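Below you'll find the structure, written out as structure tokens, and then a few comments.
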Number of protein chains: 2
Amino acid sequence: MFLNQTSHYALRAMTGLVRAGNSKPVKSGELAEKTDVPSHYLSKIMRKMVEAGYVRSQKGHGGGFVMNIAPEDLRIIDVLTASGFDIDEQPCVFGWEMCRNEDPCPLHPVWKRLKDSFNEWAYHTTFEDIRRESQDIEDKFKR
Amino acid sequence: MFLNQTSHYALRAMTGLVRAGNSKPVKSGELAEKTDVPSHYLSKIMRKMVEAGYVRSQKGHGGGFVMNIAPEDLRIIDVLTASGFDIDEQPCVFGWEMCRNEDPCPLHPVWKRLKDSFNEWAYHTTFEDIRRESQDIEDKFKR
DNA sequence: TTTTCAATAGACTTGCCTATCTATTGAGAG
DNA sequence: CTCTCAATAGATAGGCAAGTCTATTGAAAA
């Protein structure tokens, strides 16, 4: 798997929230069911999104989660980072701690190409892209 | 992490073996030390490389592991697959089991771009590329 | 004010990937 | 034939991410 389970869940949840629109808050339970993420686990992930400022939460009656940022201003990297993924902690495949471009490990040149592709994707794809490209696709979160 | 620890180890080990040349077998312990992989764990991984036919092993005195395929014929995807990584088991980030191009999940278009980049890298990079691009780099497997 | 709803917090459990340990098998050297 | 070396096999343990459970906090409705 490219990303860990938590990151997957985070991307799903934010996609679900963006697609739900901003008309009214989306309840954790609803979002969990829609995105097929374990509900209590989703709560933990959404908390991180709230802390990062990408989502607002409302307790109590009629409460739930609402987007707090325009989809075009939210990139995939932002959600991944907020969910705990740290691109800089991804070591070179060699596991050599101090591997840098100027002082590389043997697999560095090859590995760097993969990493660059990933970064291109994660830094340049926004949730507006996701929304636009998925607007003709119906929700099919359930397996 | 893009790949799991085992896949990292496999790539390191095979890189180490390719760089060691074919003059004489490389002992498991030596390869383990050179690539900073736990030695007993490396043995298990090398076993898979042997089973896949990429490496020959020799027991006993003077034994060890030798490449059994030309570096230009061994792709990254081959080593990943042999080590247990299954590209087709990598579900769409939505976790929707039946997600295909013709019948996609909401994140499919975006996710596909990442997957395509990865495949381009894994299917088109050979260990000859790795050897060539690393020939001016000294071994620095230890962290 | 009370009731109900829904997020939050944190402790706890589970499960799997890694890693280790202890034999055993097999091959060459002497 | 025996000794040593090194891969192989399988059982066992460790550690961390993932998932669950229970209680608490906070807000709106009645």
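Please read these numbers as outputs of a predicted model, since none were measured by experiment. Throughout, a chain's letter reflects where its sequence line sits, starting with A, and its residues are numbered from 1.
Cluster annotation: B/L17 and B/V66 are assigned to distinct hydrophobic clusters (Ile/Leu/Val/Met/Phe/Trp/Tyr, side-chain heavy-atom contacts under 4.5 Å, transitive).
Between the side chain of B/R12 and the backbone N or O of B/D36 there is at least one donor-acceptor pair closer than 3.5 Å.
Residue B/S43 is classed as a base contact, given a heavy-atom separation below 4.0 Å to a base.
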What string of B, S and - do you get for nucleotides 12-22 of chain D, 5' to 3', when a contact is any protein heavy atom under 4.0 Å?
------SBBBB
Contact state string [nucleotides 25-30 of chain D, B base, S sugar-phosphate only, - no protein heavy atom under 4.0 Å]
BBBSS-
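Scored by the salt bridge (Lys or Arg N to Asp or Glu O under 4.0 Å) test, A/D73 finds no partners at all (sequence neighbours excluded). Remark: B/D129 pairs with B/T126, B/R132 by the side chain to side chain donor-acceptor pair (under 3.5 Å) rule, at least two apart or across chains.
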Under 3.5 Å, which donor-acceptor pairs do the side chains of residues 46-62 of chain B form with other protein atoms, sequence neighbours left out?
residue	atom	partner	partner atom	Å
B/R47	NH1	B/E51	OE2	3.3
B/R56	NE	B/N68	OD1	3.2

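In summary, contact between chain B and DNA chain C, defined as any nucleotide atom under 4.0 Å from a heavy atom of the protein, begins and ends at C/dT18 to C/dA29 in the 5' to 3' direction.
Ring pair B/W111/A/H8 is perpendicular by interplanar angle, where above 60° counts as perpendicular and below 30° as parallel.
Of the N and O atoms on the side chains of B/T6 and B/S83, not one donor lies less than 3.5 Å from an acceptor on the other residue. Under the 3.5 Å distance criterion, with hydrogens and angles disregarded, no donor-acceptor pair is assigned to the side chains of B/D78 and B/T81. Donor-acceptor pairing under 3.5 Å is lacking for the side chains of A/T125 and A/R75.
Ion pair B/R113/A/E133 flagged as a salt bridge, since at least one NZ, NE, NH1 or NH2 atom sits closer than 4.0 Å to an Asp/Glu carboxylate oxygen.
Nearer the 5' end of DNA chain C, as judged by each residue's closest nucleotide, is the contact made by A/G63, out of A/E51 and A/G63.
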